[in-house]
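In what follows, chains carry the letters A, B, and so on, assigned in the order in which the sequence lines appear, proteins first and then strands, with residues in each chain numbered from 1. These numbers were taken from a predicted model, which means no experiment stands behind them. Values reported hereafter were calculated over all heavy atoms of this structure, with side chains retained and with hydrogens, waters and symmetry mates removed.
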Amino acid sequence: MQYTYSKDEKLKSRKLIKELFKNGKAATVYPLRMIYLKKEHFGKYPVKAGVSVSKRNLKHAVDRNRIKRLMREAYRLNKHLLYTNLEEQYIIMFIYLAKEKETFKLIENKMKDLMEKFLRREQKTA
RNA sequence: UAAGUAGUUCAUCUUAUCGCUCUUAGUUUUAUUAAGAGAGGAAAGUCCGGACACCAAAGUGAAUCGUAGCGGCUAACAGCCGUCAUUUUGCUAGAAAUAGUAGAAUAGGACAAGUGCAACAGAAAGAAUGUACAGGUAAUGCUGUAGUGAAACCGGGUAAACUCUACGAGGUGCAAUGUUACGUAUAUUGGAGUGUCGAUUUAUCGACAAAGAGUCUCACGCUCAAAUCUUCAAGGGGUAAACAGCUAAAGUUAAUUAGUAAUAAUUAACGCAGAUAAAUGAUAAGAAUCAAUUUUAUUGAUACAGAAUCCGGCUUACAGAACUACUUUAUAU
């Protein structure tokens, strides 16, 4: 299993992001919220994912960068949960809801919980 | 030695594992391998000044805005340096006025164009001239003194009051702008494209007048048209895709020379981030510094803050460390 997170695995197209926010469904494990949508994106990987932190919650760019890096790191180390269990292609956006900075350990644990919650829900509907 | 003020420099470090962006080279066909590079003194606020780009000349005047002793530096500036003046603080001299010296501050042109404003006190704060006393005249606040006040007729004070003077400023910003691709895009619908005169090639040309559009506001000036066209309005769609712009630059470091200095010149070395839902990171261990507890180990903290076209400034934020200068206090000689 590769623990990479290269350009092809990132959600970059503005068009896709617009569509995601319009039609996507949400799952929350505080302080993280996941917005996801089943969508053929013709990439090589099963998932395209991005992260986002609201300017309203964290005022300084330094703090937002820090949280985004932690979230990306947590996703990178745990994405195999999604890759091994998904058969169709998805686009996902992770959003940080808290107004304070959190540690990496907490974010990683919540990320795992969130992914499991997401998988359970998708397998039920499938 | 300690504390304070000002200035300058730096602003945690090392190793391992797992990653990200760019460049180069290879493998070889779209993935991977190797090497190298990868945030700041403020990258911040967006407050000034430029470079660069476009606006169909990028013009003149007005308005508006800005600057304001003098000289210099600079691509330019509201910045910096020097200097004069004024105000002010300390010290020294002196009986004092004041002078000398060290530092700090200053939106520091003009009230001899016009208009406005001036608490309290005072008759009166600007059309001056009341009262008392004295002097003087043909006559009169004509003259002096008293009284209030910071200031009472003096070319009075006041321009971070209007105003005047001198000088300066066209506007919009890299989502500028150019190329390519996608897209039925010169889509579609509606309105307007006038009048007079002259020439002839008889449907074109030229001149004049009026209207329209553009030129940030106003005026002038300038520019813009003949039907697969121009302009105005309505109105729907689409990309926010790729490349260029995009980082070699008023560059950084060092030395020498010129200059009181800001700064400039010469020589040598270096070649120093270019992302775009946006790279420059995460985790673990150790070291360093500080604080607390306790007593020699544990716990906690390590600031302010993250490039977005690029430079020069200003302003604001900032744990701590080092150096320099000055001031104060204590100790020693």
Side-chain angles (χ1 to χ4, degrees):
Chain A
M1 172 49 64
Q2 296 275 336
Y3 290 105
T4 58
Y5 185 51
S6 60
K7 263 186 174 174
D8 214 40
E9 298 172 73
K10 288 178 188 170
L11 181 57
K12 299 187 108 165
S13 158
R14 285 175 181 276
K15 201 175 173 184
L16 282 178
I17 291 164
K18 218 183 234 175
E19 195 180 337
L20 174 62
F21 278 107
K22 203 175 172 188
N23 303 320
K25 296 184 211 165
T28 307
V29 174
Y30 190 84
L32 300 175
R33 170 173 288 167
M34 168 195 249
I35 294 175
Y36 61 95
L37 184 67
K38 196 185 290 182
K39 172 82 181 171
E40 288 279 322
H41 54 69
F42 308 110
K44 286 193 292 185
Y45 300 93
V47 175
K48 270 184 184 292
V51 299
S52 179
V53 181
S54 169
K55 211 174 204 172
R56 202 175 299 161
N57 291 338
L58 285 169
K59 224 178 79 186
H60 292 291
V62 176
D63 301 335
R64 289 199 297 277
N65 271 345
R66 164 87 182 164
I67 293 295
K68 275 151 93 175
R69 281 164 180 163
L70 292 179
M71 285 165 75
R72 269 202 295 272
E73 195 71 5
Y75 175 77
R76 180 175 74 80
L77 294 174
N78 296 290
K79 63 174 185 173
H80 56 272
L81 286 174
L82 300 182
Y83 280 28
T84 48
N85 292 309
L86 286 178
E87 293 179 357
E88 297 179 79
Q89 291 194 320
Y90 283 83
I91 52 177
I92 297 175
M93 180 66 82
F94 292 97
I95 296 172
Y96 190 74
L97 298 173
K99 297 198 174 177
E100 301 85 30
K101 292 186 273 185
E102 295 288 356
T103 59
F104 176 71
K105 277 184 179 168
L106 186 132
I107 289 176
E108 188 176 18
N109 289 333
K110 298 293 180 185
M111 179 67 79
K112 281 183 195 166
D113 293 348
L114 184 57
M115 284 177 171
E116 281 163 14
K117 187 174 181 183
F118 162 68
L119 286 172
R120 263 184 273 124
R121 198 181 281 186
E122 282 306 291
Q123 278 158 2
K124 236 181 242 174
T125 56

- For His60(A) and Met93(A), take the nucleotide of RNA chain B holding the closest heavy atom to each; which residue's nucleotide lies nearer the 5' end? Met93(A)
- Can a salt bridge be assigned to the pair Arg76(A) and Glu73(A) using a cut-off of 4.0 Å between side-chain N and carboxylate O? yes
- Query: What nucleotide among G281(B), A307(B), U283(B) has an atom nearest to a side-chain atom of Glu73(A)?
  - Reply: G281(B)
- Who are the side-chain hydrogen bond (donor to acceptor under 3.5 Å, both in side chains) partners of Arg33(A), not counting sequence neighbours? Thr28(A)
- Between C272(B) and A249(B) - C1' atom distance, rounded Å: 11 Å
- Protein-nucleotide distance (Leu70(A), atom CG; U280(B), atom C1'), rounded to Å: 15 Å
- Atom-pair distance (CZ on Arg66(A); P on A39(B)), nearest Å: 18 Å
- Message: Please confirm whether the shortest side-chain N or O distance from Arg64(A) to OP1 or OP2 of A278(B) is below 4.0 Å.
- Response: no
- Arg72(A) side chain N/O closer than 4.0 Å to the phosphate oxygens (OP1, OP2) of A278(B)? yes
- Pairing partner (Watson-Crick or G-U wobble, both distances under 3.5 angstrom) of U283(B): A16(B)
- Message: Heavy atoms within less than 4.0 Å of RNA chain B: which residues of residues 105-119 of chain A have one? Give them sorted by number.
- Response: Lys105(A)
- Query: Paired with A53(B) by Watson-Crick or G-U wobble geometry, both distances under 3.5 Å: which nucleotide is it?
  - Reply: U172(B)
- Task: Mind calculating the distance between CG (Asn65(A)) and P (C304(B)) to the nearest angstrom?
- Result: 16 Å
- Separation of Lys79(A) atom NZ from C18(B) atom P, in whole Å? 15 Å
- Task: State the pairing partner of U5(B); accept Watson-Crick or G-U wobble contacts with both distances under 3.5 Å, and report none otherwise.
- Result: A325(B)
- Separation of atom NZ in Lys68(A) from atom C1' in A278(B), rounded to whole Å: 7 Å
- Spacing of the P atoms in G206(B) and U189(B) (rounded, Å): 33 Å
- Message: Distance check, P atoms only: A127(B) and C153(B), in whole angstrom units.
- Response: 15 Å
- Item | Residue pair Leu70(A) / Arg66(A), side-chain heavy-atom distance below 4.5 Å | yes
- Item | Syn-anti status, with the boundary at 90° from 0, for the nucleotide C80(B) | anti
- So what's A234(B) paired with, Watson-Crick or G-U wobble, going by both distances under 3.5 Å? U188(B)
- Query: Lys79(A) versus Val47(A): any side-chain heavy-atom pair under 4.5 Å?
  - Reply: no
- Task: List the atom of Met71(A), the atom of Leu32(A), and the distance in Å for their closest heavy-atom pair.
- Result: CE-CD2, 4.0 Å
- Query: Does any N or O donor sit under 3.5 Å from an N or O acceptor when you compare the side chain of Arg69(A) with the base of G306(B)?
  - Reply: yes
- Atom C1', compared across A307(B) and A44(B): separation rounded to whole Å: 11 Å
- Task: Please state how far atom CG in Asn78(A) lies from atom P in G19(B), giving the value in whole angstrom units.
- Result: 14 Å
- Rounded to whole Å, OH of Tyr75(A) lies from P of A277(B) at a distance of 17 Å
- Anti versus syn assignment for A39(B), with syn defined as within 90° of 0: syn
- Query: How far apart are the closest heavy atoms of Ala27(A) and Arg121(A), and which atoms are they?
  - Reply: CB-NH1, 4.1 Å
- Expressed in whole Å, how much space separates the C1' atoms belonging to A43(B) and U88(B)? 41 Å
- Item | Hphob cluster co-occupancy, Leu106(A) + Val53(A), side-chain heavy atoms under 4.5 angstrom | no
- C1'-based separation of U217(B) from C167(B) [nearest Å]: 24 Å
- Query: Given the P atoms of G122(B) and A151(B), what is the spacing between them in whole Å?
  - Reply: 16 Å
- Message: Between the base of C18(B) and the side chain of Arg76(A), is there a donor and acceptor pair under 3.5 angstrom?
- Response: yes
- Pairs in or reaching into residues 94-124 of chain A: which pass ring pair (Phe, Tyr, Trp, His ring centres under 6.0 Å), with residues at least two apart or in two chains? Tyr36(A)-Phe118(A), Tyr75(A)-Phe94(A), Tyr90(A)-Phe118(A)
- Query: Is U24(B) syn or is it anti, if syn means the base angle is within 90 degrees of 0?
  - Reply: anti
- Item | Any strand: nucleotide that pairs with A105(B) via Watson-Crick or wobble, under 3.5 Å | U86(B)
- Please measure how far the C1' atom in C314(B) lies from the corresponding atom in C77(B), and state the result in whole Å. 11 Å
- Using a 90° cut-off around 0 for syn, call C54(B) syn or anti. anti
- Now, which nucleotide makes the Watson-Crick or G-U wobble pair with G71(B), with each of the two distances under 3.5 Å? C81(B)
- Item | Counterpart base for A159(B), defined by Watson-Crick or G-U wobble contacts under 3.5 Å | none
- Query: Same hydrophobic cluster for Leu58(A) and Val62(A), using side-chain heavy-atom links shorter than 4.5 Å among ILVMFWY?
  - Reply: no
- Message: I need the minimum non-hydrogen distance between Ala74(A) and Ile107(A), along with the two atoms involved.
- Response: CB-CG2, 4.1 Å
- Item | N-glycosidic conformation, G144(B) - syn within 90 degrees of 0, else anti | anti
- With both distances under 3.5 Å as the test, what is the Watson-Crick or G-U wobble partner of U263(B)? A258(B)
